Amino acid sequence: MTLQECYSALGGDYDEAAGRLRSDRLIQKILLKFPADPSYDLLVRSMESQEYGEAFRAAHTIKGVCQNLAFTRLFESSNQLSEALRNGFTPEAPALAEQVGRDYQVTVEAIRAFQEANGG
């Protein structure tokens with residue numbers, strides 16, 4: 001699996017990432033670190049415990065990372081959740097958090113498939 005194929009699988013924009021980060025080596029290095037970032041786990045815990053300020057910060061962090069890496073699908077859903085939580089709980093926040101979860105899983109699965117296809 002190539003980086004371009006990985007980006008296609010996760011709903012991202014490889015060309016945008018390449019334009020921003022300038023090398024496949026750097027893209028790969030950062031991409032492979034993404035699943036270890038604690039922001040998604042923090043988002044899940046914060047939503048479960050109804051700590052919506054913390055959930056906002058987690059969603060906002062995910063949004064920023066995804067924007068920088070051009071993970072378009074996850075950027076869009078985390079942006080919507082971030083905006084919904086900006087001033088505290090809103091009725092649409094749980095459904096948006098579920099969408100972030102689905103998009104996050106797609107993203108992580110694509111990254112793991114890329115990692116496995118490329119030796120590790």
Side-chain angles (χ1 to χ4, degrees):
M1 173 183 269
T2 66
L3 275 173
Q4 293 88 341
E5 291 167 333
C6 179
Y7 265 79
S8 179
L10 62 81
D13 186 333
Y14 169 79
D15 292 333
E16 183 181 333
R20 182 174 293 124
L21 299 174
R22 301 278 184 214
S23 81
D24 281 0
R25 185 174 176 195
L26 182 57
I27 294 170
Q28 181 174 331
K29 179 180 178 180
I30 297 170
L31 176 106
L32 293 175
K33 290 181 179 185
F34 181 79
D37 184 284
S39 298
Y40 178 71
D41 290 334
L42 177 61
L43 173 64
V44 170
R45 286 193 316 274
S46 300
M47 289 297 293
E48 287 173 353
S49 63
Q50 299 179 355
E51 296 175 24
Y52 299 115
E54 195 66 24
F56 165 75
R57 285 186 287 284
H60 195 268
T61 298
I62 293 166
K63 176 190 86 163
V65 170
C66 291
Q67 185 174 29
N68 289 332
L69 291 172
F71 292 175
T72 308
R73 178 184 298 148
L74 185 53
F75 164 76
E76 289 172 357
S77 61
S78 60
N79 183 48
Q80 290 176 346
L81 178 59
S82 177
E83 290 306 310
L85 291 171
R86 184 171 294 280
N87 295 311
F89 179 79
T90 58
E92 64 271 10
L96 292 171
E98 288 178 18
Q99 184 62 52
V100 169
R102 288 188 295 272
D103 294 344
Y104 179 83
Q105 291 307 317
V106 167
T107 300
V108 169
E109 287 171 11
I111 292 169
R112 289 189 176 133
F114 171 78
Q115 189 173 25
E116 289 174 17
N118 290 282

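Residue indices begin at 1 and follow the sequence shown. Since the structure is predicted, the reported quantities are computational estimates derived from the model, not experimental observations. Computed over heavy atoms, backbone and side chain alike; hydrogens, waters and symmetry mates excluded.
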Next item on the list: Find out whether Ile111 and Phe71 are in side-chain contact, i.e. whether some heavy atom of one side chain is under 4.5 Å from a heavy atom of the other.
Entry: yes
Checklist line | Minimum-distance pair of heavy atoms, taken over all atoms of Phe114 and Cys6 | finding: CB-SG, 3.8 Å
Item checked: Counterpart residues, salt bridge (charged side-chain N to carboxylate O under 4.0 Å, His left out), relative to Arg20 (two or more places apart) -> Glu16
Checklist line | Asp103 side chain to Ser77 backbone, donor-acceptor under 3.5 Å | finding: no
Check: Looking at side-chain heavy atoms only, is the closest gap between Asn68 and Ile30 below 4.5 Å?
Finding: no
Notebook entry, point to check: Any side-chain heavy-atom pair from Arg73 and Leu10 closer than 4.5 angstrom?
Noted result: no
Throw together a table of side-chain donor-acceptor distances under 3.5 angstrom for residues 31-42, partners on residues two or more places apart or in other chains.
unit_1: Asp37; atom_1: OD1; unit_2: Ser39; atom_2: N; d: 2.7
unit_1: Asp37; atom_1: OD1; unit_2: Ser39; atom_2: OG; d: 2.6

Notebook entry, point to check: Which heavy-atom pair separates Ser46 from Ala55 by the least distance, and what is that distance?
Noted result: CB-N, 3.5 Å
Notebook entry, point to check: Nearest 0.5 Å, what's the CD1-CG distance between Ile27 and Leu21?
Noted result: 5.5 Å
Notebook entry, point to check: What's the shortest heavy-atom distance between Leu74 and Tyr104, and which atoms?
Noted result: CD1-N, 3.8 Å
Notebook entry, point to check: Of all heavy-atom pairs between Ala97 and Met47, which one has the smallest distance, and what is that distance?
Noted result: CB-CE, 4.0 Å
Note to self: What I want to check is whether the side chains of Asp13 and Thr72 have a donor and an acceptor closer together than 3.5 Å.
What the structure shows: no
Check: Among all residues two or more places apart in sequence or in another chain, which pass the side-chain contact (heavy atoms from CB on, under 4.5 Å) test with Ser23?
Finding: Arg25, Leu26
Next item on the list: Could you state whether Phe75 and Val106 fall into the same hydrophobic cluster, counting links through intermediate Ile, Leu, Val, Met, Phe, Trp or Tyr residues with side-chain heavy atoms under 4.5 angstrom apart?
Entry: no
Notebook entry, point to check: Among all residues two or more places apart in sequence or in another chain, which pass the side-chain contact (heavy atoms from CB on, under 4.5 Å) test with Thr2?
Noted result: Gln4, Glu5
Could you list the donor-acceptor pairs under 3.5 angstrom formed between side-chain atoms of residues 85-93 and any protein atom two or more places apart in sequence or on another chain?
unit_1: Arg86; atom_1: NE; unit_2: Glu83; atom_2: OE1; d: 3.2
unit_1: Arg86; atom_1: NE; unit_2: Glu83; atom_2: OE2; d: 3.4
unit_1: Arg86; atom_1: NH2; unit_2: Glu83; atom_2: OE2; d: 2.7
unit_1: Thr90; atom_1: OG1; unit_2: Ala84; atom_2: O; d: 3.1
unit_1: Thr90; atom_1: OG1; unit_2: Glu92; atom_2: OE2; d: 3.4

Name each donor-acceptor pair under 3.5 Å that joins a side chain in residues 57-64 to protein atoms two or more places apart or in another chain, with its distance.
unit_1: Arg57; atom_1: NE; unit_2: Glu54; atom_2: OE1; d: 3.4
unit_1: Arg57; atom_1: NH1; unit_2: Gly53; atom_2: O; d: 3.3
unit_1: Arg57; atom_1: NH2; unit_2: Glu54; atom_2: OE1; d: 2.8
unit_1: Thr61; atom_1: OG1; unit_2: Arg57; atom_2: O; d: 2.9

Check: Heavy atoms, side chains only, cut-off 4.5 Å: are Ser8 and Tyr14 in contact?
Finding: no
